[in-house]
Amino acid sequence: MALQIAFVIFSLIALIGAFLVVTTRRLFHSALALVLSFVGVAGLYILLEAEFLAALQILIYVGAIAILIIFAVIVTRHLMDPKARAFNEQWWRAALVAAGLFLILVFTIAKVPWPVSEAPLPTNVIFSMGSSFVGTYLVPFEVISVLLMVALVGAIIIARER
Amino acid sequence: MDLESIFPRLQEIIAQWLSSFLPGWLAELLVILMVVLAIVLMMVVVVMVLTLLERKILGRLQDRIGPNRVGPYGVIQPVADTLKLLFKEDIVPEKADKLLHLLAPIIIVVPALMVWAVMPFGKKLVAADLNIAVLYVIALGSVTSIAILMAGWGSGNKYSLLGGFRAVAQLFSYEVPMGLAVLSVVMAAGSMSLQSIVKAQSPLPFAFVQPIAFLIYFICGVAEVNRSPFDLPEAESEIIAGYHIEYTGVKFAMFFLAEYINTFAVSAMVVTLFLGGWKGPILPSYVWFFIKVAIVVYVFFWLRASFPRLRIDQLLNFAWKFLVPLGMVNLLVTGIVVKLNVPVWLTVPAYWAGNFVIGVIALYLLTRFTPKKTPVSLR
């Protein structure tokens with residue numbers, strides 16, 4: 001019972017946050033609403049007993065990505081103007097893609113039977129996660145690292161050009 | 001009676017008494033709320049003591065007397081300060097983003113208080129012994145920057161915005177070496193739970209096993225809480241007071257509160273991760289914890305009285321070009337020692353040898369490549 005209530009509260013936080021992101025006129029407020037949404041999702045992770053994921057969600061999404069977005073918003077010229085248009089002429093394409101994605105998701109969720117696994121919850125998640133990063137999933141992990149490295153170097157090169 | 005288990009026993013007694021006339025879930029909830037309230041109230045009292053101590057200690061270090069008007073030796077000064085702050089008029093600037101201006105001081109206190117949920121005050125005194133406590137503390141540290149940006153932007157003042165930017169750049173930069181230093185401790189202890197990290201520090205606390213990680217963490221800790229010499233975000237002589245320039249009365253008090261709680265929290269983390277936490281002979285563990293934290297806080301105040309403020313370029317260069325590489329090398333050495341499977345009696349000497357080599361090389365590079373002239377332009 002308590003779990004359900006908590007689930008509803010956290011889902012509402014995430015959903016209201018997401019709704020505010022697309023409806024607020026000020027971009028800075030949108031970025032902050034995004035933070036609210038992230039926090040709601042982190043709460044859902046905690047409910048699912050994935051504390052590690054929740055902490056990472058806060059650390060990376062709230063602490064890093066949201067801050068980056070806010071910086072980009074504040075530093076970009078004219079973006080903070082409350083009278084600026086919130087939509088450009090491509091809005092209907094974006095709406096189409098979003099609606100399509102929504103339909104696909106609804107369809108998948110309705111179609112899949114979602115069987116409940118009989119296996120017990122793993123006790124030491126962090127340990128197994130860590131060892132699978134340097135074991136089973138070594139190659140994808142390294143590829144992502146190289147990709148990030150390339151992005152970093154690229155960002156520095158773009159920023160250095162005068 | 002055993003001094004060690006006074007507080008857990010007290011909690012048990014209250015829980016029993018509550019459940020005698022309340023339904024089970026309500027009693028449980030009330031006990032949890034009681035623990036939360038105890039921690040919050042303790043923090044408020046700690047902050048009041050800290051403000052007085054800081055002014056007294058700074059006074060003595062600067063050859064002054066410090067506050068001495070209210071009460072004997074000025075001990076009631078914090079009460080007077082609090083009352084003054086509570087009765088001040090609440091001013092909201094015309095150009096302010098009203099909602100953000102209101103929310104920022106509320107949000108900034110939340111992560112500061114949440115840190116204490118996982119802090120091991122004593123052998124049996126920890127509200128929640130999370131198995132990811134270290135990560136939790138670091139994650140909460142990054143939430144503070146959101147509140148600071150909200151305050152900086154929401155005040156509608158150029159100085160506050162500048163202060164907000166500085167604060168976030170600083171928090172961002174110093175989080176990286178801080179994380180690296182913490183990681184080497186986590187690797188050495190083999191756990192992310194603060195209670196297990198404390199227990200892993202025998203016979204020697206990690207400050208003596210991993211001096212480099214300790215120094216990195218300490219420096220980053222000072223930078224995390226915006227204390228001098230890293231107090232650029234609120235540099236009075238440059239940007240007046242930074243992100244909280246437009247706040248008065250209770251709202252300002254909230255920023256003040258968060259700042260001092262964070263100072264105390266960073267000291268507590270230094271103690272827990274590197275100085276053996278609540279460990280100590282004779283006295284009960286929680287007394288040892290507070291003695292050690294008080295010593296670290298004193299060093300923070302002492303630093304404030306001793307060093308001038310850094311420039312923003314020095315600050316960022318120091319983080320990215322010195323502390324981050326040093327932290328990475330230190331992490332590498334820790335990894336090698338952990339993986340080498342050396343016999344137990346040899347681990348500590350192995351860490352010492354590694355730390356000594358890194359330290360000498362780092363100092364050499366620092367003296368070799370530090371620019372002698374100050375740059376004309378900061379760009």
Side-chain angles (χ1 to χ4, degrees), chain A residues 1-3 5-6 17 20 24-39 42 45-46 49-75 79-80 82 122-127 129-130 134 152 156 159-160 162, chain B residues 24-26 28-29 32 97-100 103-104 107 110-111 114 118 128-150 152-154 156 161-162 164-165 167-169 171-173 175-176 178-179 182-183 186-187 190-193 320 335 339 379:
Chain A
M1 186 58 194
L3 274 182
I5 296 172
L20 286 176
T24 332
R25 292 201 65 85
R26 286 194 163 194
L27 264 178
F28 188 67
H29 289 186
S30 297
L32 290 175
L34 194 62
V35 172
L36 190 68
S37 182
F38 288 150
V39 171
Y45 285 148
I46 290 176
E49 296 186 25
E51 293 93 353
F52 183 71
L53 216 54
L56 281 189
Q57 166 89 5
I58 297 286
L59 181 64
I60 293 172
Y61 282 91
V62 177
I65 291 186
I67 296 277
L68 267 184
I69 294 175
I70 292 173
F71 258 81
V73 167
I74 294 183
V75 173
L79 261 184
M80 293 304 296
T123 44
N124 204 340
V125 190
I126 309 166
F127 186 77
M129 203 188 297
V134 290
L152 266 177
I156 291 170
R160 278 185 79 95
R162 302 225 175 254
Chain B
W25 62 272
L26 191 60
E28 215 171 304
L29 191 71
I32 294 174
D97 193 324
K98 303 282 182 311
L99 184 68
L100 298 189
L103 280 181
I107 291 180
V110 176
M114 278 174 76
V118 296
D129 189 18
L130 279 190
N131 60 346
I132 51 147
V134 170
L135 199 66
Y136 171 87
V137 172
I138 295 179
L140 285 175
S142 66
V143 176
T144 310
S145 49
I146 296 265
I148 290 179
L149 260 184
M150 282 169 76
W153 169 262
L161 190 60
L162 272 176
F165 271 162
V168 174
L171 281 171
F172 231 55
S173 311
E175 220 164 64
V176 179
M178 186 181 229
V182 172
L183 258 185
V186 168
M187 276 165 77
S191 169
M192 283 205 276
S193 144
W320 289 106
K339 210 64 204 165
R379 287 212 282 163

**OP:** Could you look at Ala54(A) and say if it's the side chain, the backbone, both or neither that has a heavy atom under 4.5 Å from chain B?
**Re:** neither
**OP:** To the nearest 0.5 angstrom, please state how far the CG atom of Leu32(A) sits from the CD1 atom of Ile107(B).
**Re:** 7.5 Å
**OP:** Name the member of Leu161(B), Val143(B), Ile132(B), Leu140(B) that forms the most heavy-atom pairs with chain A at distances under 4.5 Å.
**Re:** Ile132(B)
**OP:** Indicate the atoms forming the closest heavy-atom contact of Ala55(A) with Ala139(B), along with that distance.
**Re:** O-CB, 3.6 Å
Original post:
Given that the side chain runs from C-beta out, which part of Phe165(B) has a heavy atom under 4.5 Å from chain A: side chain, backbone, both or neither?
Top reply: both
Subject >> Contacting moiety of Leu100(B), where chain A heavy atoms sit under 4.5 Å >> reply: side chain
Original post:
Considering only heavy atoms, which portion of Val35(A) lies under 4.5 Å from any heavy atom of chain B: side chain, backbone, both, or neither?
Top reply: side chain
**OP:** Measure distances from Ile58(A) to the heavy atoms of chain B and classify the residue's part below 4.5 Å as side chain, backbone, both or neither.
**Re:** both
Original post:
Going from CD1 on Ile138(B) to CG on Leu59(A), what distance comes out if it is rounded to the nearest 0.5 angstrom?
Top reply: 7.0 Å
**OP:** Step through the shown structure and confirm whether more than 12 heavy atoms of other residues, nucleotides or ligands are within 6.0 Å of CZ on Phe38(A).
**Re:** yes
**OP:** Identify the heavy atoms of Phe28(A) and Leu149(B) that sit nearest to each other, and give their distance.
**Re:** CZ-O, 4.1 Å
Subject >> Where Val62(A) and Ile146(B) come nearest, the two heavy atoms and their spacing >> reply: O-CD1, 3.6 Å
